[in-house]
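Start at 1 and go down the list; that is how both ligands and their atoms are numbered.
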Amino acid sequence: MGKKRRQTNMSSLSRFFQMLDEPVSSSTTAGPSTPRPTCKPDVVDSDPQPPPGKRKTGLLGPGNAAYDATGLVPFYTDPAQVPAHLQKYFAQRTRYFSRYDEGCLLDEEGWYSVTPEAIATQIAERCRCDVVLDAFCGVGGNAIAFARTCEHVIALDTSPTRLALARHNAALHGLAARIEFVLADFRTFANRLLCATSTTRASVPARKIDIVFLSPPWGGPEYLSGPEYSLAQTQPEPATELFRLARLLTPNVAFYVPRNTALEDIAALLPSLALVNDDGGGGGTDTAEQVEVEEEWMGTKVKALTCYFGGLAQGQEHLF
Ligand code: MGP
């Protein structure tokens with residue numbers, strides 16, 4: 001049972017691209033304002049299985065052994081078990097996952113970067129669609145929320161451990177079957193998808209993706225050390241490059257950025273893009289695309305900003 005289910009939603013990139021009709025080759029078509037990627041067969045391609053013997057019976061209980069990541073990271077139940085630098089995050093554990101006590105698992109990066117559940121839910125509400133790509137899924141906070149509002153979630157991460165934790169957490173919520181977990185770097189994944197598209201000469205990506213959600217590493221908790229955060233600090237590439245790639249897949253991008261991000265940096269993501277015609281196709285005046293920036297409040301604090309582009313921004317639904 002476990003094996004069959006794993007095959008359906010834990011795909012390696014090679015299996016993913018086998019689903020595409022045409023083989024990937026080396027030519028692309030590139031417009032001057034939207035350079036397309038070079039096609040290279042450099043995929044991340046190993047199955048993100050936790051070490052054997054770690055998941056016999058665990059926090060997910062009987063019947064879920066295949067998805068159970070118990071033992072990969074500590075499951076803290078008492079502040080006394082938690083390292084000093086993670087204490088402030090542990091204190092907020094039920095904000096991150098309201099069902100934390102039932103056995104949600106986070107690694108160190110997950111503790112300081114998971115999107116709190118209420119915020120993930122708000123973003124997922126705005127991102128209702130058929131297929132959403134969560135480009136940096138981490139331990140799964142956003143992917144789980146998307147699984148409630150979207151037909152299908154593609155969740156990428158480059159860490160086998162984090163991907164296993166995300167799947168564990170999704171299984172705990174009964175939502176793992178709605179999420180396709182892929183061990184891959186977003187840039188590699190997007191490039192391969194775009195190359196497959198150019199090979200088939202299709203005008204849209206070889207696989208339908210309605211929305212890309214970008215929540216990359218911000219460089220650790222130190223992101224708040226300066227008065228302003230520059231999007232050039234975003235990992236593993238500056239935000240401009242992540243955004244450019246995402247926009248080649250779909251106009252609809254939600255970008256989760258630090259609360260102290262320079263607004264000029266967010267606005268600067270747009271000018272290089274073409275003007276969009278906002279009259280619904282009838283020859284009206286061209287209007288520059290807008291970005292909508294949403295402050296994500298929890299209690300009396302703004303925790304982060306979500307920037308909505310394309311058809312996700314209010315008033316631009318026609319761009320979806
Ligand atoms: P925070 O300010 O580091 O923590 O992160 P805290 O304790 O919530 O805030 P404080 O005001 O009490 O100090 C706030 C939120 O930003 C986290 O809950 C995450 O959702 C998000 N976040 C933080 N980091 C370091 C990252 C990151 O590297 N990447 C992403 N995508 N989100 C992050």
What pairs with Arg148 under side chain to side chain donor-acceptor pair (under 3.5 Å), at least two apart in sequence or on another chain?
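In terms of side chain to side chain donor-acceptor pair (under 3.5 Å), with neighbours along the sequence ignored, Arg148 is linked to no residue.
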With sequence neighbours excluded, what pairs up with Gln290 under the side chain to side chain donor-acceptor pair (under 3.5 Å) test?
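Side chain to side chain donor-acceptor pair (under 3.5 Å) list for Gln290, sorted by chain: empty.
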Cut-off 3.5 Å, side chains only: do Gln233 and Tyr223 have a donor facing an acceptor?
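Distance-only check fails for Gln233 and Tyr223.
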Testing the 3.5 Å rule here: is there a donor-acceptor pair between the side chains of Asp68 and Thr70?
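Note: Asp68 and Thr70 side chains meet the donor-acceptor criterion.
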Who are the residue neighbours of ligand 1 when the rule is a heavy atom under 4.0 Å from any of its atoms?
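Residue list for ligand 1: Lys88, Tyr89, Gln92, Tyr112, Ser113, Val114, Thr115, Pro116, Ser215, Pro216, Pro217, Trp218, Gly220, Tyr223, Leu224, Tyr256, Arg259, Lys301, Lys303.
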Report, one line per pair, each donor and acceptor closer than 3.5 Å where one atom sits in a side chain of residues 127-143; sequence neighbours left out.
| from | atom 1 | to | atom 2 | distance (Å) |
| --- | --- | --- | --- | --- |
| Arg128 | NE | Glu125 | OE1 | 3.2 |
| Arg128 | NH2 | Glu125 | OE1 | 3.4 |
| Arg128 | NH2 | Glu125 | OE2 | 3.1 |
| Asp130 | OD2 | Lys208 | NZ | 3.4 |
| Asp134 | OD2 | Ala143 | N | 3.4 |
| Asn142 | OD1 | Thr115 | OG1 | 2.7 |

Answer yes or no: is there a side-chain heavy-atom contact under 4.5 Å between Cys150 and Arg178?
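The answer is no; the side chains never approach within 4.5 Å.
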